[in-house]
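Report on one structure; see the data block that follows.
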There are 2 protein chains.
Amino acid sequence: MANNAVLDPVLDRSFAACSHPIRRGILERLGEGEMTVGEATGGFGVSKPAISKHLKVLEEAGTIVRVIDGRTHRLRLRTDPLDDAYAWIGKQRELWERKFDTVEEYLREQRDRRGQQQKTDTTADRPDKEA
Amino acid sequence: MANNAVLDPVLDRSFAACSHPIRRGILERLGEGEMTVGEATGGFGVSKPAISKHLKVLEEAGTIVRVIDGRTHRLRLRTDPLDDAYAWIGKQRELWERKFDTVEEYLREQRDRRGQQQKTDTTADRPDKEA
DNA sequence: GCTATTGTTAACCATATGGCTAACAATGCA
DNA sequence: TGCATTGTTAGCCATATGGTTAACAATAGC
């Protein structure tokens, strides 16, 4: 990949971690507090190896931390990566809202201009042939 | 998958859409307003077919809408899927914070109890072996 | 010491990503 | 008409996901 400017593997993994229902379910449960793998992942209806892989994805994304405690592994949530993901979407939403404002301004300007010169610019509010 | 309760393919695709820097870059640009494929995807240093695939992922996630306008394709952002993703993380963050509150309450209770009985529970404020 | 419990790794398979080149489709334009 | 522009599809390849069964590792407990 030539464009090395916006590369952010952390964000990549954070979003990828959230892109599967089982992983989201695990994160939701861990929101209740530290618990064992069995407690955090029981009842999802998949095999233990499948669970192990999901945990690996979550761990490599930095969303969970594992503490091996004897025979069991205790899992704890790490909120930082999801905070980053949240912040990215939040930043975009700000931009959209600001843009929607200017669009409203634009439409108001169009309305005003039409009120003045009464031309045939029906193209102004045409939302383009909808697919 | 046995657990069919929490299945949310829309959320799956929304998060997956954000999990690649080029796709995030495209979404960022489209935040500026409707534009052509060339305008929205230029300069990422990958081939056109690669771009086409990213657009397909974004489109199937519902994050963009394509309007074929003669020779060019005009792209427009659709904010709903990202709003949903934002809301999911936001909900989790609320739970975490509420949990942190109760943890603080718990610690305060511990502190109070120690003040009363002066026992040797140094384990109360230990944040567990930091992996 | 033996056995049950907890969880992982190994090996395999199917599908999705993410990239490429080559070719095509549809316009716009001289 | 002919050519340049815009963008996709087809085919190929490598790697990551997401699942399985079988086997292993480590510990807890009888």
Between C:dG7 and A:Ser52, is there an OP1 or OP2 to side-chain N/O distance shorter than 4.0 Å?
no
With the side chain of A:His73 defined as its heavy atoms from C-beta on, choose the nearest nucleotide among C:dA10, C:dG18, C:dG7.
C:dG7
Looking at A:His54, I'd like to know whether one of its side-chain N or O atoms comes within less than 4.0 Å of OP1 or OP2 on D:dT17.
no
Is the phosphate of D:dA4 approached by B:Arg71 (side-chain N or O, under 4.0 Å from OP1 or OP2)?
no
Would you check if B:Trp88 and A:Glu28 make a side-chain contact, meaning some heavy-atom pair closer than 4.5 Å?
yes
Between P on D:dA16 and CD on A:Glu60, what's the gap in Å once rounded to a whole number?
10 Å
Checking all strands, does A:Thr72 fall into the base, sugar-phosphate, or nothing category for heavy-atom contacts under 4.0 angstrom?
sugar-phosphate
Look at the side-chain N and O atoms of B:His20 and state whether any lies under 4.0 Å from the OP1 or OP2 oxygen of C:dG19.
yes
Looking at A:Ser47, does any N or O in its side chain come under 4.0 Å of the phosphate oxygens OP1/OP2 on D:dG19?
no
From CZ of A:Arg66 across to P of C:dT6 the rounded distance in Å is 16 Å
Treating Ile, Leu, Val, Met, Phe, Trp and Tyr as nodes and any side-chain heavy-atom pair under 4.5 angstrom as an edge, say whether B:Val65 and B:Val57 lie in one connected cluster.
no
Atom pair distance, as rounded to whole Å: CD1 in A:Ile68 and P in C:dT8:
8 Å
Relative to B:Phe44, does B:Arg29 satisfy both conditions: NZ or CZ under 6.0 angstrom from the six-membered ring centre, and within 45 degrees of the ring's axis?
yes
Is there side-chain contact between A:Leu82 and A:Leu27, with heavy atoms separated by less than 4.5 Å?
yes
Between C1' of C:dG18 and CD1 of B:Ile51, the distance in whole Å
11 Å
Find the distance between CD (B:Glu59) and CZ (B:Arg13) and round it off to the nearest 0.5 Å.
12.5 Å
d(CD, B:Glu59; P, D:dT9) in whole Å:
9 Å
Nearest-nucleotide pick for B:Lys48, side chain only, options being D:dG11, D:dT8, D:dG19:
D:dT8
What integer distance in Å separates B:Glu39:CD from D:dT5:P?
16 Å
Base, sugar-phosphate alone, or nothing: which one does A:Ala50 contact when heavy atoms must sit under 4.0 Å apart?
base
Check the distance between C:dT8's P and A:Leu58's CG and give it to me in whole angstrom.
12 Å
OP1 or OP2 of C:dG18 versus the side-chain N and O atoms of B:Arg23: is any pair under 4.0 Å?
yes
Length of the line joining A:Lys53:NZ and C:dT8:P, which is rounded to integer Å:
13 Å
